[in-house]
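Below you'll find the structure, written out as C-alpha cells, and then a few comments.
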Amino acid sequence: MTVAALRVVEHNATYYRRTWRGSVVLTFLSPVLFLAAMGLGLGGMIDRAAPGVLSGVSYAAFLAPGLLAAQAMNTGTFESTYPIMSRILWRRTYHAVLATPLSVRDLLVGELAWISLRLLMMAAAFLAVMLLFGVVRSPLVVLAVPAAVLTGLAFAACVTAFTATQTNDSGFSSLFRFVITPLFLFSGTFFPIERLPELLRPVAYLTPLYHGVSLTRGLSLGTLDPTGAAIDAAVLAAYAVGGAIAARITLGRALVK
Amino acid sequence: MTSVPTGPIDPLIQARGLTKRFPAITAVDAIDFDVAPGESFGFLGPNGAGKTSTMRMIGCVSPITAGSLRVFGLDPTADGPRIRARLGVVPQSDTLDLELTVRENLVIYGRYFDLSRGEAGRRAGELLEFVQLAERSGDKVEPLSGGMRRRLTIARALINEPDLLLLDEPTTGLDPQARHLLWERLYRLKQRGVTLVLTTHYMDEAEQLCDRLVIMDKARIVAEGSPRELIERYATREVLELRFSEADREALGTGPGADPADRVASGDDRAAPGESRHDGRGDGRLDERFAGLAERVEALPDRILLYTADGEAAAVAVHERGLLPESVLVRRSSLEDVFLRLTGRTLVD
C-alpha cells in the first residue's frame with residue numbers, strides 16, 4: 001500500500017472519530033441480539049427436538065461463526081454503498097482528493113484499507129461476544145477474524161465497483177433485496193447448504209458468503225479441512241481482487257472524465 | 001551584475017488545438033491560449049461554453065481528446081501527480097467535509113500533499129486568518145454560509161502553497177458583500193505573485209480580476225485581450241439603454257416575440273467574428289427610428305441599446321425625434337456588450 005493511500009485512511013479515521021459512538025454500540029448489540037434470539041432461543045428448540053443433527057455441536061455454536069461471516073458481508077457491503085456514493089455524487093469529496101497528487105488507484109486502495117480496518121473492529125467485537133456466549137469450540141477461532149475481514153473485503157470491492165456505476169441510490173435497494181438478503185439466508189449461515197435443493201447447491205458454491213461461512217465455521221468448530229479452506233480463501237481473494245480491478249475502472253469513469 | 005540572456009518567459013500554461021469531446025458533444029473545440037506566470041487570466045462565457053471542461057483538463061482530472069496542453073511545462077497525461085502537487089483548485093460547487101471542523105478540513109487536505117501534521121496545522125492557522133474564518137476554526141462546516149464555505153474552499157486550495165490557482169466560477173451564488181470580500185482576497189493573492197486562472201459568467205468579476213481574458217462561446221474562443229482592449233475593440237465608449245412601454249415596443253417591432261435575426265440594426269461596419277448575421281438587414285423600423293443616433297443599435301427583449309461615444313447627446317437626440325422611452329440610462333460599455341456584439345446573446349439568460 002502506498003503512503004498516498006494511507007492519507008485516505010487518515011481522512012476516514014478523522015471522520016469516524018466524530019461518529020464512532022453510535023456505531024460501536026451497534027457493533028456489539030447486533031451479534032448479542034442474533035445469538036440470543038436465534039442461537040439460544042431457536043437453537044434451544046432445535047437441540048432438544050433433534051439432538052446430534054449438527055454432528056454433535058449445539059445450534060448456537062454452529063450459527064455463531066456463520067453470523068460472523070454474514071455480518072462481515074453486511075458491513076463490507078454497507079460501507080461501500082452510501083458512503084462511497086456520497087463521496088462521488090453528493091458531498092463530492094473524491095473530486096477534492098483527486099485534485100491532489102493522489103490517483104484513482106490510491107483512492108481505491110485507501111478506501112478498501114479503511115473498510116478492512118472497520119471489518120477488523122467489527123470481527124474482533126463479534127469474537128468477544130462469541131466467547132461470552134461460550135459458543136467457540138477451537139482456539140483456531142482467532143483466525144476467523146482475518147477470514148471475516150477477507151469475506152467483507154470481497155463484498156466491499158465488488159460493491160464499490162457497482163456503486164461507482166450508479167447515478168442515484170435507487171440501485172441499492174435492489175442490491176440488498178435481490179443479492180445480499182438471499183445470500184444472507186441461503187449461504188449456509190442458518191443451515192447447512194446440503195439442505196438446499198440439489199439444483200441450487202452449485203449456485204451457493206459460487207457465492208462469496210458460502211466460502212466465508214465455510215472458513216469461519218471450520219475455524220470456530222475446529223473442523224477445518226486444509227484443502228477446502230485453501231479453496232475458500234482463494235475464492236474470496238479472487239472476488240476481492242476482481243472487484244478491486246472492476247472498481248478501479250468504474251471509479252475512473254465516474255471521476256476522471 | 002552579470003547579464004543573463006532573457007527570452008520570453010515560458011508560459012505557465014500552453015494550449016494548442018486543445019479539444020475535449022464527450023460521446024454526445026464537443027465541449028472544447030481546438031482552442032489556443034497561453035497563461036504567463038503571475039498573470040490573472042479569465043475564461044468568460046455563458047454556461048455550457050466549455051469553461052469548466054477546459055479547467056478540468058488543466059487540473060489534470062480530465063484527459064484531453066486532441067491537441068496539446070502543457071502546465072508548468074509538463075504533460076498532464078504523463079505528469080498529472082507532479083502538476084497537481086503545485087495546483088490549487090477551487091471547484092464550481094464546494095466539496096468540503098461538512099461534518100468535520102473548519103480547521104480539520106484544511107489539515108486533512110494538507111496531508112494529501114504530504115505536509116506533516118504540524119506544518120499543515122500551522123498553515124491552516126495562517127490561511128484561516130487570511131480568509132477571515134479564524135473565529136470559526138473549531139466549528140463544523142455544515143452551518144457555515146455559502147460565502148464562508150467558498151472562503152474555506154479557497155483556503156483549502158492554498159494549503160500546498162500553489163503556483164497556480166484554478167477557480168471555477170468562484171462567486172456564483174454569493175451575495176454582493178461576500179463577492180467583494182472574495183475579490184479582495186483574490187487580489188491580494190495576485191499581488192503575492194500567485195497566478196490565477198478563473199472562469200466566470202459575470203462580466204464585472206472578469207473586469208475586476210482579470211489582466212487578460214478569452215471569451216468562449218460554443219466550445220470556441222471568440223475573442224482575447226484585456227478587458228479594456230476588448231471593450232475598445234468591440235464596443236463604443238458609452239451605451240444608452242432605453243426602455244419603452246409595451247405598446248411602444250410593439251410599434252417598434254422589438255417585442256419579446258420579435259425574430260432575433262431581425263433585431264439588430266447595424267450602422268457600423270467594423271468587422272467582428274460572428275458578425276455575418278449582423279449584416280445590416282435589420283428591422284426597417286429600427287433603422288429608421290434610430291438612424292444616425294448611434295454606431296450600432298441592439299434590441300433586447302426588454303430594452304434597446306444604443307452604442308455611441310456620447311450617451312447623453314444620443315439621449316437628447318432620441319427625445320428630439322419624438323421617441324418617449326419610459327426610462328433612459330447612460331453607462332460605460334462593459335464586457336457584457338462585447339459578448340453581445342460577438343455572439344448576439346447576453347451572458348446570463
Side-chain angles (χ1 to χ4, degrees), chain A residues 1-23 79 82-111 113-114 118 164-165 167 248-257, chain B residues 20-23 27 52-53 55-63 65 76-77 79-101 103-115 117 120 140-142 152-153 156-157 159-160 162 165-166 168:
Chain A
M1 191 166 55
T2 58
V3 175
L6 280 176
R7 304 299 181 220
V8 179
V9 175
E10 195 178 330
H11 190 164
N12 285 334
T14 307
Y15 189 88
Y16 186 66
R17 269 190 11 211
R18 304 227 155 257
T19 53
W20 66 275
R21 282 175 193 87
S23 79
E79 291 286 324
Y82 294 94
I84 301 271
M85 176 164 283
S86 171
R87 292 166 204 156
I88 296 171
L89 291 179
W90 302 327
R91 295 286 159 81
R92 299 166 52 84
T93 48
Y94 281 169
H95 296 269
V97 171
L98 292 179
T100 74
L102 259 77
S103 65
V104 173
R105 188 173 168 279
D106 297 326
L107 183 64
L108 175 65
V109 171
E111 282 295 352
W114 168 251
R118 296 275 297 119
T165 64
T167 50
R248 164 68 189 79
I249 294 166
T250 57
L251 268 179
R253 282 188 193 145
L255 296 167
V256 180
K257 54 190 175 186
Chain B
K20 181 73 193 183
R21 270 190 291 273
F22 293 107
T52 298
S53 295
M55 292 292 256
R56 287 176 51 82
M57 287 191 282
I58 299 170
C60 311
V61 291
S62 171
T65 310
T77 314
D79 294 309
R82 275 176 71 199
I83 296 171
R84 292 197 298 270
R86 296 170 62 189
L87 289 182
V89 178
V90 177
Q92 207 174 102
S93 55
D94 291 323
T95 54
L96 298 162
D97 279 300
L98 302 187
E99 291 83 357
L100 298 187
T101 67
R103 186 188 173 79
E104 279 171 337
N105 264 278
L106 298 187
V107 174
I108 283 294
Y109 207 63
R111 297 287 288 150
Y112 281 112
F113 291 96
D114 263 337
L115 303 180
R117 284 203 152 257
K140 284 190 188 172
V141 174
E142 189 111 52
L152 178 57
T153 299
R156 189 178 67 171
I159 195 86
N160 59 326
L165 186 61
L166 303 176
D168 196 358

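Labels below follow one simple rule: chain letters A, B, ... track the order of the sequence lines, proteins then strands, and each chain is numbered from 1. Remember, it's a predicted structure, so these values are computed and weren't measured experimentally.
- With sequence neighbours left out, the ring pair (Phe, Tyr, Trp, His ring centres under 6.0 Å) criterion links B/F113 to B/Y109.
- Using a 4.5 Å heavy-atom threshold, the side chains of A/R92 and B/S93 count as touching.
- Proximity to chain A involves both the backbone and the side chain of B/L100, based on heavy atoms less than 4.5 angstrom apart.
- Between the CD1 atom of B/I108 and the OG1 atom of A/T14 there is a distance of 3.0 Å, given to the nearest 0.5 Å.
- For A/R87, no part lies near chain B; criterion is any non-hydrogen pair under 4.5 Å.
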May I have the list of side-chain donor-acceptor pairs in residues 98-105 of chain A shorter than 3.5 Å, sequence neighbours left out?
| residue | atom | partner | partner atom | Å |
| --- | --- | --- | --- | --- |
| A/T100 | OG1 | A/V97 | O | 2.6 |
| A/T100 | OG1 | A/L102 | N | 3.3 |
| A/S103 | OG | A/R105 | N | 3.4 |
| A/S103 | OG | A/D106 | N | 3.2 |
| A/S103 | OG | A/D106 | OD2 | 3.1 |

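- Scored by the side-chain hydrogen bond (donor to acceptor under 3.5 Å, both in side chains) test, B/R156 finds B/T95 as partners (sequence neighbours excluded).
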Open item on the list: Between A/K257 and B/K20, does the side chain to side chain contact (heavy atoms under 4.5 Å, CB included) criterion hold? Intermediate values first, please.
Closed with: CA-CA 10 Å; A/K257 54 190 175 186; B/K20 181 73 193 183; 5.8 Å; no

Task: Chi angles and distances behind the side chain to side chain contact (heavy atoms under 4.5 Å, CB included) call for A/H11, B/Y112 - done: CA-CA 9 Å; A/H11 190 164; B/Y112 281 112; 2.8 Å; yes

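- Ion pairing between B/E99 and A/R18 fails under the 4.0 Å rule for side-chain N and carboxylate O.
- Looking at B/L96, the atoms closer than 4.5 Å to chain A (heavy atoms on both sides) all sit in the backbone: N, CA, C or O.
- The contact between B/D94 and chain A is made entirely by backbone atoms, counting heavy-atom distances below 4.5 Å.
- For residues 55-63 of chain B, the interface with chain A (any heavy-atom pair closer than 4.5 Å) comprises B/R56, B/V61, B/S62, B/P63, sorted by residue number.
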- [ ] List the steps and the verdict of side chain to side chain contact (heavy atoms under 4.5 Å, CB included) for B/L98 and A/R91.
- [x] CA-CA 8 Å; B/L98 302 187; A/R91 295 286 159 81; 3.5 Å; yes

